[in-house]
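In what follows, chains are A, B, ... by sequence order, proteins preceding strands, each numbered from 1.
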Amino acid sequence: MRFLVQIVLSGIATGAIYGLVAVGYSVTYATMRVLNFGLGMWVMLGAMVGYTLHVTFGLNVLIAMLGMMTVLGGLGLLAERFTVLPFVRAGSDVWIMSTLAVGLLFINAAELLWGRNPLAIPPFLGKDPINFAGIGIYPQEILIVIVACAVMVALDVFYQYTLLGKAFRATASSTEVAGLMGINTRRIASLAYALAGCLAGFAGLLVAPVTLAEPQMGTILGLKAFAIAIIGGLEAGRGIFVCGLLYGVLEGLLSGYLYTGIRDIIGFTLMILVLFVRPNGLFGRRAEERA
Amino acid sequence: MGKSTWGKGMTLAILAVFVLLAAGPALAQDTIKIGFSGALTGPAASFGVGIRRGAEIAVDDINAKGGVRGKKLQLIVRDSEHNPVKLVAQHRELVEREGVVALLGGTNSAEMLAVAPILNDQLKVPVICPATDATKITENDAWQEGRDNYVFRYGMFGRGQSNFLVNMAVQRFGYKKAALLTWTAGWGVTGRGELTRRLRELSTPLVADETYDTADTDISPQLLKIKQAGGEVILNYGLVRENVYVVRAKDKIGDKTPYFSAWGLATPAFWRAGGNLGEGVLVSTTITADGPQPPERLQFLKKYWQRYGPDMDFVPGTFAAHDIVHLYAQVMEKVGTDPKAIRAALENIPAFKGLVKDFKRPVFTKSRHDALQEEDFVLGRWTNGKLLQVHFDQEGPHVILDDGAKRYIDKKTLALR
Amino acid sequence: MLSVDGLRVRYGSLEVVKGISFSVREGEIVTIIGANGAGKSTTLRTLAGLLSPYQGTVMFRDRKIGGARPYNVAALGLRLVPEGRQLFPDHTVRENLELGAYLRLWRGERTGVAKDMEELFELFPQIRPRLDQRAGSLSGGEQQMVAIARALISQPRLLLMDEPSLGLAPMLIQSIFDALIKLRSRGLTILLVEQMAWLGLGVCDRGYILESGRFALEGSRDELLRHPRVLEAYLGKTPRS
Amino acid sequence: MRHPAAWLLPALAILAVAGLPLMLTGTYYQFMLVIIFVYVIVSVGLNILTGYAGQFSLGHAGLFAMGAYTSALVSKNLAAIGFLGDMGLHIWIGMMAGILMASLFGAVLAYPSLRVRGPYLAMVTVAFGWVIWKILLEWVSVTGGELGITSIPKARFGSFVLDTPRFYYLAMALALGALLLQRNLVQSAFGRKMQAIKFSELAAASVGIDVYRSKVTVFILSAAFAGLGGALFAHQQNFINPDNFNFFDSVFFLLAILFGGAGTLLGPVVGAATLTLLPEFLHGFDHYRLIVYGVLILLALYFLPRGVCGAVTRGRRSVSRPSSVKRRTEPAATALTTGAKHGDQPLLEVRGVSKAFGGVRALDGVSLNVFPGTVHALIGPNGAGKTTLLNVISGVYPPDSGKILREGEPIRMRSPDRAARLGIARTFQTVKLFGDMSVLDHVLVGFERHYETGVGGALFRSARAVRENQGKVAEALGLIEFVGLGGLEGAAANSLSYGHRRLLELARALAVRPGLLLLDEPAAGLIAEEIDALDRLIVELRGRRMTVLLVEHHMDLVMSISDQVTVLDYGVVIGEGAPREIQGDPRVIEAYLGPSHHHVVR
């Protein structure tokens, strides 16, 4: 029982991060049918830039967080303008490759700027684990779950109750009609891309005290989050987050009760099966070619 | 329209430049070339970079003293990206296009397993590995068939290291029930097999056999299982990042089980990333750079710090690469630069004074291509940011601190008394 | 207010609008009628910035808007009520109206918008009880009313309406057109595109008949209503025997 | 007539490549070139799938791995038990097994993949590749885990060992073979079919192509190439481990064909060669390797959107060569013989068909009869449900209720391709053509249900397939002549004028040899002269006893050629009869012009 609780708790912490990154995919997909295939590298970049601001420059963690998100947001605007927009305008889907290429650039840049060894970022709240009834958990892990949930709620509030959020949803529903309302859909698309980058970076800095920051940290994380975004059904933000949590717990159970090596095999096979049964994800909707 | 033509032209031009670069003739042979191909980028990069730096210092030392037979040494480096196919291709290129006469081995056991038969059957240029430790790299087909074996090693080898770790845990520390916690990637897999074999040989029960994956950030389930199974000691084969997760998970669930690790943790990167959670971890290695050191090593360290800064990524490999270059220089001074002659001569070096070890016996023999043996390995303990060598006396294992104080190790928790 | 000169629009190699010129003066309703495929919607979509003209100029309140982006056109006060309503189906009715007033709300005219919303409820009383429902769940007629309200709340200078009768039952069509007549009496300028000729011509001051991308006929309401060519444009010439 | 240089150039190139080992000393270049050959083979497979059939795969490394591991394990184990080892046959058996295993997994991958599209498809293939890679890592007892499989037997015939230079020629021959098969396939009926699917699945289905089955076939073919490449790779390296079969290798393959030019015959060669050699040229830039890669990818995507080969051969693309076939003088003799029997029984009966889309009733109990050999027009105002009815008849949507009968037999139409196979062909309101495929190819695709040779014949260009193809080309030229596109057969469809596109779509539908032809607004967007030509064409078809159901707004045309007119409004039939009756029907007039204006204006 103790064992079960421990792995479920650990799974939830991992899953919250998966969910947070995965939601980043949906932000861009829902507004402009584009995915940032290199999003994992933005996670890494968030951790790295956060390391510099927080550890190297010794800035307060909140200020470092804001500073990092400003940097990533700016990069997001640039990346959208130069590596996504030209291809979307041309109506081709090679942005799959171009966004991946940007990710490669990031990995290399990070290796040059921050070295290849894992960097430690001190936990935000305290580094001693909390122990109760023989079950241990780090304050940072609790923080991750709470903050990730808070971000999801904030995102929801943004979408549901702010004018800009409503404009985001309108653009997602129909770029054309949103334009007729006077909404600058071009700007919304850039903002969405930047927001996705910010979210990813935020997740990166949040998780780095637990996972360490290093140039390769985003590769697998990005891919898994992508898988989760797909299972959730790219446009359903909340569904994706829930999927992330579930997937984290599933992973914990698999490595706890079976063994680690089989975790991804079962997880990804399950994902293929889910898509086989529901081609647009668990929470997605159908689309067809019209005659 | 103009823009796109211009861009097309530019892209093709860049390609053309690369083609020209490649087609450029190799430099004239006024130097003696030594090749190294290993991972310089990606997750295993710190190994390759460490080896490269150790070798660079040695090459410059030798050249400053006039080189070998009046010729300068030159180190040619390639990035294998941790990929055996790339490494094989680069070995061919180093030998055939660059004309290297001797090689330093790669950073990944699979790479060396792939290239060994090619070196023995086709390229016939000797290689000495400072890092890769699968036993079969040196004990390859040629070795088994008694043919000329071009593959040597100057570092840990799997069987020796596992024997050393298990012997230490069982015989010197006296643990009765062992548990394994190994990395699922290549190095961990061989280590797991070798450790299991040695435990069986010593009839020590293996109560838990857990693994962790590159993507595992929380290893507490595995540790809990080991705890439940009653493991008295955990034997580990893995690299820095995953092991930071291990010590963190141990801290999280309040687990104090003694932790013995193979030499993947014999690098300051472990402490930098893990901090004092790494305190007390015992690591098998060929050399520790901390604590009291002989003057030659201090000299080398000084050169290293001057040139590359205070962080040494892969201590055993960096020192080994330095020794290997000197070994080659010594041999080539004697027999010249024919690779076949170098190989033969390597099996007949009566003695060699290296930084890792002062050999009073032949470094290699025909049947023994591993320079360092079990008895040459040392155990280190992570102590306040330093990997201090563990010594033994009647009272048990102890380390000597910088101030000369002798502190004994508690066998239950590995804490200092 | 709006003047269009020699407008040509193409989809790829298909030329749909083949050089039309017309104008709309402040305060009048102008109707363009024509059979399906004549190019009516294309004309409106081009004016709203959804399509780029291949040739020709479009001037709106002394500014050139041909080829401008839809949000820039909308900011000038030209509003299109698109064919088939095109509400945001997952937004509530209230949100749809807010998005209609996006630019005004962005400028901070919160109270003004609220006041105008009340006025719109008088024009379309059916909307008020539906405010917090998903727009997609409304009936076709209600959706059309919301669509018109969504355009009106932006305080447009010129309203473009694309086939407001499409897919609606005759009863509902009647109430939509009644609303149009009320709007005209308030001095709103409207450019209306309608397939149902008698309906469209009935509310206008002037009209144009579009046939295969060209104007076949233009004139005042009464001239057009009596013209035999109108029927022919829809049901063809008498077949040869 | 082809210019002799057309043969000379490739022949010289092949000779040059074959001569390379003689010029280059040492094994390094040969080793690299063999790797390029291997990657060419895999890329050819992916090119067929992605470049020609338009299906993304980011899991090809998994299929590549299946070939490599199967071949390595089978040949190694056969050698261990001494089975056929003397002859060296165990290696060839291993390679065959590798190809088979990869094909099998291709099928396993195809079934779930093809149910999904876009990013979902990308993810399924990524997941597949990932699972295979993980299994290679984890199933240590079989695959050796990360340390891989060593001492994989060298390829040999008896005692004739295919060592480095000899293996070079084997790999070169296989790579050339792969390119040849690719060319054969692309230029065959099957190849045209898969390209058609890439551009429009609906239009492809409308001529009777079973889209799903074709896609699975392409997937399996593509996997077989990947398997061959993998098997070759294993026996070249004599060592394999999972490092060459992970996600980034899948990206590499995709990048190779995108860079070289997806959907071009030589794209795989250019892409595989460039990307394999590039890192070898970057030794000085090891630390900036990914940056160089990234920048290069971006530059290539930005400035060479169709890849290197696409940029070079821009606009010169004609898959079939009409010039090699004698033109027939008699137009369209076979294609148009499917005239209907005369009779009182309707060819097509629609009985009480209803169809709703989310609460809106597009069709509400519609019934109508189309008699053989007549032109039947379906008119009505915008949104009346005409196109919906056409879509129901052609199997695009299943009706909610009601029946459709053909010659008195009820037919269950599950899909458009089934409708086409029952002899119901159609055109579309917005023309749906196959991108830049030639006019001739479009018509040849239309013959889908009349081909007898399959994929095998296509790959190996069997005599029967060639003969059949020639026959079809002749027939197609006749049809092209008939609709008035004579002389344009080599032109790319997207270079045609709008009117010509409409005619081409008609020719494609006629190639189905339909019993019933559905035309959805054929006159939309046509100028007056083109409408007259269309008018004459339909009359000519009626003269040949073709049955036509026509949706059209252009009333002059409708009234002049129709035998019967049905008027729909709000999904209900409001009038039916001869053209002259319809024109005078007040209900029809009101449906079009709206309620009389007296009600509206106060």
For this session: Go through the atoms of Gln236(D) and report whether side chain, backbone, both or neither lie under 4.5 Å from a heavy atom of chain B.
Result: neither
Exercise. Would Tyr168(D) and Phe31(D) count as a ring-ring contact (aromatic ring centres under 6.0 Å, His included) if you check the C-alpha gap in whole Å, the side-chain angles of each, and the deciding distance to 0.1 Å?
Worked result: CA-CA 8 Å; Tyr168(D) 176 93; Phe31(D) 183 85; over 10 Å; no
Problem set entry | Main-chain N/O of Leu239(B) paired with Asn243(B) side-chain donor or acceptor, under 3.5 Å | yes
For this session: Among the options His82(B), Gln90(B), His91(B), Glu93(B), pick out the one with the most heavy-atom pairs lying under 4.5 Å from chain D.
Result: Glu93(B)
For this session: Mind checking salt bridge (Lys or Arg N to Asp or Glu O under 4.0 Å) for Asp249(D) and listing every partner two or more places apart, or none if nothing turns up?
Result: none
Exercise. Under a 4.5 Å heavy-atom cut-off, does chain B meet the side chain of Ile35(D), its backbone, both or neither?
Worked result: side chain
Problem set entry | Which atoms of Gln122(B) approach chain D - backbone, side chain, both or neither, heavy atom under 4.5 Å | side chain
Exercise. Taking every heavy-atom pair that is under 4.5 Å apart, which of Pro117(B), Pro84(B), Ser109(B) has the most such pairs with chain D?
Worked result: Pro84(B)
Exercise. Given the options Leu94(B), Asp213(B), Val77(B), which has more heavy-atom pairs under 4.5 Å with chain D than any of the others?
Worked result: Asp213(B)
For this session: Might you work through the ring-ring contact (aromatic ring centres under 6.0 Å, His included) test for Phe314(B) and Trp263(B), ending with a clear yes or no?
Result: CA-CA 10 Å; Phe314(B) 177 42; Trp263(B) 68 337; 5.7 Å; yes
For this session: Determine the sole option in Val151(B), Thr107(B), Ile137(B) for which the side chain to side chain contact (heavy atoms under 4.5 Å, CB included) test with Thr132(B) is passed.
Result: Ile137(B)
Problem set entry | Per-residue contact mode, Tyr28(D) against chain B (heavy atom under 4.5 angstrom) | both
Exercise. Of the backbone (N, CA, C, O) and the side chain (C-beta and beyond), which part of Thr150(D) lies under 4.5 Å from a heavy atom of chain B, both, or neither?
Worked result: side chain
